[in-house]
Amino acid sequence: MFPNIDNKLNLRAVRKALEQRNNLIPSTDCTIEAVEICLQSYNNQFGNNHFVQTHGIAMGQKNACSYDDLAMGEIDAQARFNGPHRPNYWLRYRDDVFDI
């Protein structure tokens, strides 16, 4: 799941969550910039080769679960409320969904 969710969707979800805070210090823009720096700077090594993650978030990062959980909330809202059929029952844990 982590490397497959688009960073634009994730960053929109992070911004939405940050703007709901009561205390806006540090600013939302500052926090989003820090997240973008982290996303662009993740380097991992395989053998003697170094690779930079260019899409999604690497699974080993400490914030990967929280980061993608925010995006999954946005995906849930679209799936549950924007389609032609609305589920009667919907449960999700991380990337596993059960619906009727």
*Spacing of T31 atom OG1 and R15 atom CZ [to the nearest 0.5 Å]*: 9.5 Å
*For R92 and D76, work out which heavy atoms get closest and say how close.*
NE-OD2, 2.6 Å
_Side-chain heavy-atom pair D99, R80 within 4.5 angstrom cut-off_ = no
*Are L18 and Y67 connected, step by step, through hydrophobic side chains (Ile, Leu, Val, Met, Phe, Trp, Tyr) whose heavy atoms are closer than 4.5 Å?*
yes
*Measuring from N7:CG to Q40:CD, what's the distance to the nearest 0.5 Å?*
9.0 Å
*According to a 4.5 Å side-chain heavy-atom criterion applied to Ile, Leu, Val, Met, Phe, Trp and Tyr, with indirect links allowed, do V97 and I75 form part of one hydrophobic cluster?*
no
*Heavy-atom pair of closest approach, residues L39 and G56*: CD2-O, 4.0 Å
*Linking Ile, Leu, Val, Met, Phe, Trp and Tyr by side-chain heavy atoms under 4.5 Å, what else ends up with F46?*
F51
*Compare every heavy atom of L70 with every heavy atom of A17, then report the nearest pair and how far apart it is.*
CB-CD2, 3.9 Å
_E19 (side chain) donor-acceptor with R21 (main chain) under 3.5 angstrom_ = no
_Are Y42 and I5 linked, directly or through intermediate hydrophobic residues, by side-chain heavy-atom contacts shorter than 4.5 Å (ILVMFWY only)?_
no
*Kindly check if the number of other-residue, nucleotide or ligand heavy atoms within 6.0 Å of CD1 (I25) is above 12?*
no
*So, do N10 and D68 sit near enough that their side-chain heavy atoms are less than 4.5 Å apart?*
yes
_Shortest non-hydrogen contact between N4 and H55, atoms and distance_ = O-NE2, 3.8 Å
*So how far is it from K62 NZ to C38 SG, rounded to the nearest 0.5 Å?*
12.0 Å
_E36 CD: over 12 foreign heavy atoms closer than 6.0 Å_ = yes
_Is there a continuous path of hydrophobic side-chain contacts, each under 4.5 Å between heavy atoms, that joins W90 to Y93?_
no
